[in-house]
Visitor: 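Structure in structure tokens, see below.
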Amino acid sequence: MSDSLFFARTGLDRRRTQDILDNALQGADDGELFLEYSQSEAFVFDDNRLKNATYDVSSGFGMRAVHGETTGFAHASEFSEEALTRAANAIQAVRTGQSGRLDLGPAKTNLKLYGDENPLDEVDFAQKIKLLEAINEYARSKDDRVRQVSCSLSGEWVSVEIIRPGGEIVRDIRPLVRLNVSVTAADGERQETGSMGAGGREAYARFLEPAFWQGQVDEALRQALVNLEAEPAPAGEMEVVLGNGWTGILLHEAVGHGLEGDFNRKQTSAFAGLLGQQVAAKGVTVVDDGTLPGRRGSLSVDDEGTPTSRNVLIEDGILKGYMQDRMNARLMGVKATGNGRRESYEHQPMPRMTNTFMLGGDHSKEEIIASVKDGIYAVNFSGGQVDITSGKFVFNCTEAYRVQNGKVGAPLKNVALIGNGPSVLNEVSMIGNDFALDPGVGVCGKAGQGVPVGVGQPSLKIDKLTVGGAGG
């Protein structure tokens, strides 16, 4: 990427910009100028028609100064020397009457996960609308019980440049595409919905292939028809088998957030102070890896310029480390791990997950299910709530089945899984050999910021977990 995107395009002088930043960060411990340019589009097809089509271009900068654990931050959508100077004056308040020693910049990397190609330019508007029309027609033709179809396609192309004091510059390109399909089926007065989505840091080509998008529709319809047959769920403490792939969202929420550096530095995580200790059953290994090409949570560098990496958080049940941005790493006396992420130039970075998953084991899914005397097989989740301090969570299943004497039985509705993240890790008794990552639809929320993430895991057996349902 050339300087033209941020400097020749805006008329800013690079030397003057660097001088403004250097002066603003005198006496600070850390800081940077984060420049961002993004293009995004979204199309929604609903009720047999194109309901919404949007295109947006945004750009701006965020300037930050850090002293100790105090941060000064200013942002603007205006690229001008006057705007940069105003921001510099604002963030200098963080170091009034103080002095600091500026941290060394992030390590260099040759990793470049994505090229300069913009996926938004590779397929014209008409093709994208034609895709959504085809999805709608195909879904409605599959089964006469289909009552409603909704589908959406979105894409974005983001270019960032991170400038540090002294002239160090880091650049990154970040494409992102996503397809979602929702199908509602009816049997008499009863209606149920199934959904399927996929995405990644890639162009639109894969999503235009009939075999691919038809597979998304088929899965969404299958879920809707399964839910039409679902029975009220039992309630109580029982064995639970989690399916592979997207069910890793429970791991992400119930365990992953508790392993982020800020919560542990502040001693507000259930995992605080437990480094080197057994926090999960043997065989449980949890990894956060931002280097996987094409995955939704992957980046060449994080939003502070630190190269992403493969971080082993829990190994064979032992807590090995936390996910760190630069500030929390410095305050805890450890290295940044490439997990400093922000939603946009309007936001400050904080420790966030990238692609977080549990590694596979030795058991087949069939073997795991056969070991269950009386329990639940949870295949898909819609989301849930977690308390980071205690680790307590509640997750709602969108597809689950009763398991008795090793046999999968009737589908269930209104299934909620209730537990405690650290405790659940110690109740894992069987780990599947069918590890899978999610299809590429995860969005993580923290402190009002949303960022794309990936999750994954193999099938798992949890010996004891509370199931909330409609009846016993």
Side-chain angles (χ1 to χ4, degrees), residues 1 5 36-59 112-143 146-160 172-185 193-224 246 292-299 344 437-443 450 452-454:
M1 182 181 67
L5 193 58
E36 181 181 65
Y37 173 83
S38 69
Q39 297 176 323
S40 62
E41 63 183 9
F43 307 90
V44 178
F45 200 96
D46 187 47
D47 201 22
N48 284 309
R49 63 186 178 89
L50 181 65
K51 194 170 185 178
N52 195 17
T54 61
Y55 177 80
D56 182 63
V57 176
S58 68
S59 60
K112 186 179 181 183
L113 289 179
Y114 316 108
D116 293 346
E117 299 80 12
N118 187 338
L120 277 62
D121 298 335
E122 294 180 355
V123 178
D124 63 28
F125 176 87
Q127 282 182 278
K128 295 164 187 172
I129 303 308
K130 185 177 179 181
L131 168 63
L132 296 179
E133 290 174 340
I135 289 173
N136 179 66
E137 293 172 5
Y138 177 77
R140 292 180 182 277
S141 71
K142 290 286 291 183
D143 196 293
V146 173
R147 294 292 181 268
Q148 182 60 284
V149 177
S150 178
C151 50
S152 63
L153 182 68
S154 62
E156 69 178 35
W157 184 84
V158 179
S159 173
V160 303
D172 199 15
I173 298 292
R174 300 166 178 179
L176 192 64
V177 170
R178 177 170 172 171
L179 172 69
N180 278 82
V181 180
S182 175
V183 177
T184 300
T193 299
S195 61
M196 187 63 189
R201 294 195 179 276
E202 57 187 301
Y204 283 117
R206 179 168 67 110
F207 302 86
L208 296 173
E209 293 292 331
F212 179 80
W213 61 257
Q214 287 174 8
Q216 305 300 299
V217 173
D218 292 346
E219 176 60 19
L221 176 58
R222 184 197 66 79
Q223 289 183 27
W246 175 243
L292 304 175
R295 300 306 306 181
R296 190 170 169 85
S298 295
L299 305 166
S344 75
L437 292 167
D438 77 287
V441 296
V443 177
V453 296

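Along the sequence shown, the residues carry numbers beginning at 1.
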Visitor: Is there a side-chain contact between Val57 and Tyr37, using heavy atoms and a 4.5 Å cut-off?
Guide: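 Yes, close enough: below the 4.5 Å cut-off.
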Visitor: Could you go step by step and tell me if Asn48 and Arg140 meet the side-chain hydrogen bond (donor to acceptor under 3.5 Å, both in side chains) rule?
Guide: CA-CA 10 Å; Asn48 284 309; Arg140 292 180 182 277; 3.0 Å; yes
Visitor: If you define the side chain from C-beta out and look only at heavy atoms, does anything of Asp143 sit under 4.5 Å from Val183?
Guide: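 When only atoms from C-beta onward are counted, Val183 and Asp143 do not touch, as no gap falls below 4.5 Å.
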Visitor: Side chains of Tyr55 and Gln39: donor-acceptor distance under 3.5 Å anywhere?
Guide: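 Looking only at side-chain atoms, Gln39 and Tyr55 do form a donor-acceptor pair, the distance falling under 3.5 Å.
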Visitor: Using 0.5 Å steps for rounding, measure from the CZ atom of Phe43 to the CD1 atom of Ile129.
Guide: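 So the gap between those two atoms works out to 5.0 Å.
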Visitor: Could you state the interatomic distance from CZ (Phe207) to CD1 (Ile135), rounded to the nearest 0.5 Å?
Guide: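 Interatomic distance, Phe207 CZ to Ile135 CD1, rounded to 0.5 Å: 10.5 Å.
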Visitor: If you measure from CG on Asn136 to CG on Leu131, what distance do you get to the nearest 0.5 Å?
Guide: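 One gets 11.0 Å once the value is rounded to the nearest 0.5 Å.
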Visitor: Do Arg174 and Leu299 touch side chain to side chain, with heavy atoms closer than 4.5 Å?
Guide: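 Yes - at least one pair of side-chain heavy atoms lies under 4.5 Å apart.
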Visitor: Can you sort out the partners of Glu156 under salt bridge (charged side-chain N to carboxylate O under 4.0 Å, His left out), two or more places apart, ordered by chain and number?
Guide: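 Once residues adjacent in sequence are excluded, Glu156 has no partner under the salt bridge (charged side-chain N to carboxylate O under 4.0 Å, His left out) criterion.
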Visitor: Does the pair Leu437 and Leu292 meet the rule for a side-chain contact (heavy atoms from CB on, under 4.5 Å), with working shown?
Guide: CA-CA 11 Å; Leu437 292 167; Leu292 304 175; 4.1 Å; yes
Visitor: With the threshold set at 4.0 Å, does a side-chain nitrogen-carboxylate oxygen contact exist between Arg295 and Asp438?
Guide: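 Result for this pair is yes, salt bridge flagged.
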Visitor: Would you say that Lys128 contacts Val123 through its side chain, given a criterion of any heavy-atom pair below 4.5 Å between the two side chains?
Guide: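 Lys128 vs Val123: side chains touch.
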Visitor: Return the minimal non-hydrogen interatomic distance between Ala198 and Gln216, and the atom names on each side.
Guide: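 Ala198 and Gln216 have their closest heavy atoms at CB-OE1, 3.6 Å.
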Visitor: Under 3.5 Å, side chain of Arg201 to main-chain N/O of Ser298, donor-acceptor pair present?
Guide: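 Yes, because the side chain of Arg201 sits within donor-acceptor range (under 3.5 Å) of the backbone of Ser298.
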Visitor: Sub-3.5 Å donor-acceptor pair from the side chain of Lys142 to the main-chain atoms of Leu221, do we have one?
Guide: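 Between the backbone of Leu221 and the side chain of Lys142 there is no qualifying donor-acceptor contact (under 3.5 Å).
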Visitor: Which residues satisfy the side-chain contact (heavy atoms from CB on, under 4.5 Å) test with Asn180, sequence neighbours excluded?
Guide: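 Here the qualifying residues are Ser152, Arg178.
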Visitor: Which pair of non-hydrogen atoms, one from Ser182 and one from Thr193, has the smallest distance, and what is that distance?
Guide: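 In this case the closest contact between Ser182 and Thr193 is OG-CG2, 3.3 Å.
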Visitor: Rounded to the nearest 0.5 Å, how far does OH of Tyr204 lie from CG of Asp124?
Guide: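 The CG atom of Asp124 sits 11.5 Å away from the OH atom of Tyr204.
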Visitor: Does Lys130 form a salt bridge (charged side-chain N to carboxylate O under 4.0 Å, His left out) with Glu133? I'd like the steps, not just the answer.
Guide: CA-CA 5 Å; Lys130 185 177 179 181; Glu133 290 174 340; over 6 Å; no
Visitor: Can you see which heavy atom on Ala224 is nearest to which on Gly194, and at what distance?
Guide: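 Shortest heavy-atom contact: CB-N, 3.5 Å.
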Visitor: Mind checking what makes side chain to side chain donor-acceptor pair (under 3.5 Å) contact with Ser154, not counting sequence neighbours?
Guide: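 Ser154 satisfies side chain to side chain donor-acceptor pair (under 3.5 Å) with no residue once adjacent residues are dropped.
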Visitor: At their closest point, which heavy atom of Val181 faces which heavy atom of Ala220, and how far apart are they?
Guide: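 Shortest heavy-atom separation between Val181 and Ala220 comes out as O-CB, 3.9 Å.
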Visitor: Of all heavy-atom pairs between Ala203 and Glu122, which one has the smallest distance, and what is that distance?
Guide: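 Minimum heavy-atom separation between Ala203 and Glu122: CB-OE1, 2.9 Å.
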Visitor: In Å and rounded to the nearest 0.5 Å, what is the CH2 to CE distance from Trp246 to Met196?
Guide: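 Here the interatomic distance stands at 10.5 Å.
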Visitor: To the nearest 0.5 Å, how far apart are CD in Glu137 and CG in Leu132?
Guide: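 Nearest 0.5 Å value for the CD-CG distance: 11.0 Å.
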Visitor: Of all heavy-atom pairs between Arg296 and Gly440, which one has the smallest distance, and what is that distance?
Guide: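 That would be CD-O, 3.4 Å.
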Visitor: Could you check whether any side-chain heavy atom of Ile173 comes within less than 4.5 Å of a side-chain heavy atom of Trp157, counting everything from C-beta outward?
Guide: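 Touching, per the 4.5 Å side-chain cut-off.
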Visitor: Between Thr54 and Asn52, is any pair of side-chain heavy atoms under 4.5 Å apart?
Guide: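 The answer is yes; the side chains approach within 4.5 Å.
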